[in-house]
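Note sheet for the following structure.
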Amino acid sequence: MLAVRLICVGKMREKFYIDAFEEYRKRLDAYCRFECTELAEQRLGDKPSEAEITAALEKEGAEIEKLLPPDAFVVALCVEGKQKSSEEFAELFRQRELSGKPKLCFLIGGSYGMSQRVKDRAELKLSMSKMTFPHHLARVMLAEQIYRAFKIGEGSRYHK
């Protein structure tokens, strides 16, 4: 059984995001060992300088790196990443199951993104869209797409 870990910067506070994410978390229990770890987002003022943002991203990045399983396939969600169809995304899960290294780790940065060092560590940089989404919504969307990938893999009607 695949182990799927999400490492996310920022704590979800909005009930509607939490409820949606929890629904997919429950559904995923049937398909994988699913885990989500939230890290504190670095506090910045109203108008942080580029240097302050970079320093905050580096601190967050160091915390992310501490949690990366050494044998996991790491996927960083970032705007410069590659877009994939749901079927292509499902293929990633199939490949990991067959690889003998059945661990996937997805990274979602905070409101200012993710450190370049962490993105460089990832085997895959993934973009959900050319549009910008709140990082908490991206977490819900990712959970749904992970669930959809498993449903595609089993040939379910969930994915039409």
Side-chain angles (χ1 to χ4, degrees), residues 1-12 17 20-21 24-25 27-29 31-44 48 50-153 159:
M1 181 176 266
L2 274 176
V4 178
R5 174 185 276 183
L6 271 60
I7 300 175
C8 307
V9 176
K11 182 162 177 57
M12 283 199 296
Y17 287 144
F21 183 78
Y24 290 109
R25 180 196 298 263
R27 292 180 187 192
L28 284 166
D29 284 344
Y31 298 97
C32 64
R33 291 186 313 276
F34 186 77
E35 173 187 355
C36 181
T37 303
E38 291 181 328
L39 299 173
E41 190 167 10
Q42 293 293 304
R43 292 199 177 272
L44 292 169
E50 284 299 316
E52 290 170 320
I53 293 169
T54 300
L57 292 178
E58 288 302 317
K59 285 180 185 176
E60 292 168 359
E63 292 302 311
I64 289 170
E65 289 178 321
K66 288 178 191 176
L67 297 172
L68 290 176
D71 55 346
F73 185 89
V74 178
V75 179
L77 273 72
C78 50
V79 295
E80 68 272 22
K82 181 178 182 348
Q83 292 183 25
K84 292 187 173 285
S85 69
S86 294
E87 294 85 359
E88 290 169 329
F89 190 61
E91 179 62 21
L92 171 66
F93 287 79
R94 192 182 75 74
Q95 289 172 358
R96 295 317 304 161
E97 286 178 315
L98 298 174
S99 73
K101 296 182 182 177
K103 291 184 183 176
L104 279 160
C105 186
F106 293 89
L107 310 177
I108 299 177
S111 56
Y112 286 98
M114 189 181 312
S115 79
Q116 190 60 50
R117 188 175 76 242
V118 170
K119 289 189 271 189
D120 290 344
R121 162 64 176 84
E123 281 86 0
L124 173 64
K125 293 178 191 77
L126 181 67
S127 173
M128 297 189 118
S129 172
K130 291 181 180 181
M131 295 180 188
T132 301
F133 298 104
H135 59 284
H136 298 316
L137 179 57
R139 188 184 315 185
V140 174
M141 292 167 56
L142 176 61
E144 190 281 334
Q145 284 298 300
I146 292 170
Y147 177 69
R148 183 177 296 272
F150 284 110
K151 297 304 274 184
I152 289 169
H159 180 72

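Both backbone and side-chain heavy atoms feed into the values below; hydrogens, waters and symmetry mates do not. On a predicted model such as this, the values are computed, not experimentally measured, just so you know.
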Seminar exercise, completed: Tightest non-hydrogen contact, residues Met114 and Ala76, listed as SD-CB, 3.9 Å

Problem set entry | More than 12 heavy atoms from other groups under 6.0 Å of CE on Met131 | no

Problem set entry | Distance, nearest 0.5 Å, that separates CD of Glu58 from CD of Glu65 | 8.0 Å

Exercise. Taking the side chain from Glu123 and the backbone from Val74, do they hold a donor-acceptor pair closer than 3.5 Å?
Worked result: yes

Problem set entry | Approximate separation, where rounding is to 0.5 Å, of Leu92 CG and Glu97 CD | 10.0 Å

For this session: Determine whether more than 12 heavy atoms belonging to other residues, nucleotides or ligands lie under 6.0 Å from atom NZ of Lys151.
Result: yes

Exercise. Below 4.5 Å, heavy atoms only, C-beta onward: do Pro102 and Met1 meet side chain to side chain?
Worked result: no

Exercise. Taking only residues two or more places apart in sequence, or in another chain, which ones meet Phe150 in a ring pair (Phe, Tyr, Trp, His ring centres under 6.0 Å)?
Worked result: Tyr31, Phe93

For this session: Check whether more than 12 heavy atoms from other residues, nucleotides or ligands sit under 6.0 Å from atom NZ of Lys125, and answer yes or no.
Result: yes

Problem set entry | Interatomic spacing from NZ in Lys11 to NE2 in His136 - rounded to 0.5 Å | 9.5 Å

Problem set entry | Atom pair CG/CG of Leu124 and Leu107 - distance to nearest 0.5 Å | 10.5 Å

Exercise. Do Ser129 and Met141 come within less than 4.5 Å of each other through their side chains, counting heavy atoms only?
Worked result: no

Problem set entry | Nearest heavy-atom neighbours spanning Arg117 and Gly61 | NH2-C, 4.1 Å

Seminar exercise, completed: residues 96-117 vs ring-ring contact (aromatic ring centres under 6.0 Å, His included), sequence neighbours excluded, gives Phe89-Phe106

Exercise. Which is it for Leu77 and Met128 under the side-chain contact (heavy atoms from CB on, under 4.5 Å) test, yes or no, and what are the steps along the way?
Worked result: CA-CA 8 Å; Leu77 273 72; Met128 297 189 118; 3.9 Å; yes

For this session: Answer yes or no: does atom CD of Glu50 have more than 12 heavy-atom neighbours from other residues, nucleotides or ligands under 6.0 Å?
Result: no

For this session: May I ask you to say whether Glu88 pairs ionically with Lys82, meaning some side-chain N is under 4.0 Å from a carboxylate O?
Result: no

For this session: To the nearest 0.5 angstrom, please state how far the SG atom of Cys36 sits from the CZ atom of Arg25.
Result: 5.5 Å

Exercise. Between Glu63 and Lys59, does at least one N-O distance fall below 4.0 Å, as a salt bridge requires?
Worked result: no

Exercise. For the atom pair CD (Glu87) and CZ (Arg148), what is the distance rounded to the nearest 0.5 Å?
Worked result: 9.0 Å

Exercise. Are Glu60 and Ser115 close enough that a side-chain donor and a side-chain acceptor fall under 3.5 Å?
Worked result: no

Exercise. Is it true that a side-chain atom of Arg121 and a backbone atom of Leu68 form a donor plus acceptor pair closer than 3.5 Å?
Worked result: no

Seminar exercise, completed: Heavy atoms of Ile7 and Cys105 approach each other most closely as CD1-SG, 3.6 Å

For this session: For residues Lys84 and Glu91, determine if any side-chain heavy atom of one lies less than 4.5 Å from a side-chain heavy atom of the other.
Result: no

For this session: Report yes or no: does Ser99 contribute a side-chain atom to a donor-acceptor pair with the main-chain N or O of Arg96 at less than 3.5 Å?
Result: yes

Exercise. Which heavy-atom pair separates Ala90 from Ile152 by the least distance, and what is that distance?
Worked result: CB-CG2, 3.8 Å

Exercise. Hey, does Tyr24 have a side-chain heavy atom less than 4.5 Å from the side chain of Ile146?
Worked result: no

Problem set entry | Shortest non-hydrogen separation from His135 to Gly10 and the atoms involved | NE2-CA, 4.5 Å

Problem set entry | Heavy-atom closest pair, residues Cys32 and Val4 | SG-CG2, 3.9 Å

For this session: Report yes if the side chains of Arg139 and Phe21 come closer than 4.5 Å at any heavy-atom pair, otherwise no.
Result: yes

